[in-house]
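Notes follow once the structure below has been shown.
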Amino acid sequence: MVSQAGIDAFRSGLRGELIDLQSPNYNVARKVHNGMIDRRPRLIVRCADVADVIAAVNFGRDQKMLVSVRGGGHNAAGLSVCDDGLVIDLSLIKYVRVDAKKKTVVAGGGSLWGDVDHATHAFGLAVPSGIISTTGVGGLTLGGGLGHLTRHCGLSIDNLLAVDMVLADGRFVTASAKENPDLFWAVRGGGGNFGVVTAFTFKAHDVKIDYAGPILYPLEDAAEVLRWWSKFIVKAPTDLNGFFAFLTVPPGPPFPEHLHLKKMCGVVWCYAGPLKKAEQVFKPIRAFKKPALDLVGPIPHPVLQGMFDPLYPAGLQWYWKADFVRELGDEAIALNVKHGAQLPTMLSTMHLYPIDGAAGRVKANATPWAYRDAKWAQVIVGVDPDPAKKQVITSWAKD
Ligand SMILES: Cc1cc2nc3c(=O)[nH]c(=O)nc-3n(C[C@H](O)[C@H](O)[C@H](O)COP(=O)(O)OP(=O)(O)OC[C@H]3O[C@@H](n4cnc5c(N)ncnc54)[C@H](O)[C@@H]3O)c2cc1C
């Protein structure tokens, strides 16, 4: 049992906010991105700074409480929120500092990728992240981090230079190639198991305007597209990324009305090389087959990063399956086509992200991220706003 006096003393020493079962914002503060997650922590501490994080770690340890750490709250299984324990919520530790000369970026432990994209774009720079800008820098980086720039610049962890973190005993340390190198190895793919990261330092790249967007094909062509794309992408220049998707066309602009709510397949491309070469790079893609829709063109990097955000606001029901793939043989393609044609709801989707190129060049034991020999990362997600669809999206994803 945690005593009220102990809680009061903890609260009085904080710059941030301590939320308990009686707080008016308790039910909002315990929610995470996945609406299927419904956990009831005993306390949620919104830390304002590193001192608050140290106090929270010490309090949780001394009181023998179960502790979870919340970055952006996107983890599908809801790992950032725990029943009856203490949530260390980093959402107030949100800042980004760009050093344009050194091409480095420091992001607070509770920052979102959209914050980073916004800050770096002003300097013509970008850090490799994911494909949705509301995802947390914390969880995505500690788990690896793959997205539109993976082939060009590597995973997020391949661009991580240092972390500041609070360890379970309350000590504050920096980990980098020079300082605490074993800890630095562990955080690059080992997840949130080693402490609370209060700041991430990344290497940034010259990426400002991409030549990017989706190219869509009829579902009937899915096997042919998958076969062609899987052979093409692994040989393509590494400044070109393209992930395959089964999807349902959203019923609104920029999609033409005749395609609205149609199940289709396609590739979401991102060319991050010199714009003057873009048309040339896309020649073989456009020569492969006439698509049903080609929305590829010049686009500011943060706009690409936020392109899917409106489709996937917080609070939807999500059921995820994910794995890494070395080969896409005929049998696998046939199974993907079969289940891809049965997307159970408009927001459900399957993506295959390339993880070769710069990500594939990093040595297998350089980080704990153990999939360097795979060619693709696959996610299968059943998604819908309606909790009554839980069963249908879950069983489709499992099938
Ligand atoms: C809509 C959506 C799109 C996604 N797209 C991509 C994608 O394109 N590429 C990709 O690689 N992944 C993607 N993911 C997966 C995502 O990277 C993971 O779910 C990740 O865990 C989310 O990080 P977060 O900080 O938002 O999550 P949280 O739920 O807050 O945290 C996830 C885990 O990391 C820990 N953690 C978070 N921050 C810290 C910190 N500062 N210090 C210590 N531990 C911390 C938490 O304790 C928890 O264990 C996506 C997820 C969603 C929901």
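Both backbone and side-chain heavy atoms feed into the values below; hydrogens, waters and symmetry mates do not. One-based numbering, in listed order, for ligands and for the atoms of each. It should be emphasised that the depicted structure is a prediction, and the values quoted were computed from it without experimental measurement.
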Once you restrict to heavy atoms under 4.0 Å, what part of [X] touches ligand 1? Side chain, backbone, both or neither.
X	result
Asn75	both
Leu142	side chain
Met165	neither
Trp318	side chain

Numbered atoms of ligand 1 (with element) below 4.0 Å of [X], judged on heavy atoms:
X	value
Gly136	23 (O), 24 (P), 25 (O), 26 (O)
Gly145	11 (O)
Gly192	44 (N)
Gly109	41 (N)
Gly130	7 (C), 8 (O), 9 (N)
Val197	40 (C), 41 (N), 42 (N), 43 (C)
Arg70	30 (O)

Specify the protein heavy atom at minimum distance from [atom]: its residue, its atom name, and the distance to 0.1 Å.
atom	value
atom 28 (P) of ligand 1	Gly73 N, 3.4 Å
atom 6 (C) of ligand 1	Leu140 CD1, 4.2 Å
atom 8 (O) of ligand 1	Ile131 N, 2.9 Å
atom 50 (C) of ligand 1	Trp320 CH2, 3.8 Å
atom 4 (C) of ligand 1	Thr135 OG1, 3.9 Å
atom 33 (C) of ligand 1	Gly139 CA, 4.2 Å
atom 52 (C) of ligand 1	His74 ND1, 3.3 Å
atom 48 (C) of ligand 1	Leu79 CB, 3.8 Å

Please indicate, with yes or no, if any protein heavy atom is found under 4.0 Å from atom 45 (C) of ligand 1? yes
In this structure, is the centre-to-centre distance between the rings of Phe288 and Phe232 below 6.0 Å? no
Just checking Tyr312 against Trp318, ring centres under 6.0 Å apart? yes
Which of the listed options, [options], holds the heavy atom that is closest to [atom]?
atom	options	result
atom 40 (C) of ligand 1	Leu90, Val379, Ile37	Leu90
atom 47 (O) of ligand 1	Ile93, Val67, Val69	Val69
atom 43 (C) of ligand 1	Gly71, Gly110, Ala199, Gly195	Gly195
atom 38 (N) of ligand 1	Gly147, Gly138, Ala77, Gly144	Gly138
atom 9 (N) of ligand 1	Ile355, Asn193, Leu146	Leu146

Derivation of the salt bridge (charged side-chain N to carboxylate O under 4.0 Å, His left out) call for Arg372 and Asp158: CA-CA 12 Å; Arg372 301 283 181 184; Asp158 302 334; 2.8 Å; yes
Can you confirm whether more than 12 heavy atoms, excluding those of Lys208, are under 6.0 Å from its NZ atom? yes
With a 6.0 Å cut-off (strictly less than), is the heavy-atom count around NZ of Lys262, excluding the residue itself, greater than 12? no
How long is the straight-line distance from CD1 of Ile233 back to CG of Leu240, given to the nearest 0.5 Å? 5.0 Å
Find out whether Phe202 and Val96 are in side-chain contact, i.e. whether some heavy atom of one side chain is under 4.5 Å from a heavy atom of the other. no
Does the side chain of Leu183 reach to within under 4.5 Å of the side chain of Met165, using non-hydrogen atoms? yes
Is there a continuous path of hydrophobic side-chain contacts, each under 4.5 Å between heavy atoms, that joins Leu90 to Val105? no
So, [X] and [Y], do they make that salt bridge, N to O below 4.0 Å?
X	Y	answer
Asp169	Arg61	no
Arg30	Asp38	yes
Arg11	Asp20	yes
Arg46	Asp89	yes

Test your reading of the model: is there a side-chain donor-acceptor pair from Asp52 to the backbone of Gly16, 3.5 Å cut-off? yes
When only distance counts, is Ile132 in polar contact with ligand 1, meaning an N/O pair under 3.5 Å? no
Cationic tip of Arg326 within the cone over Phe324's six-membered ring, i.e. under 6.0 Å and within 45° of the normal? no
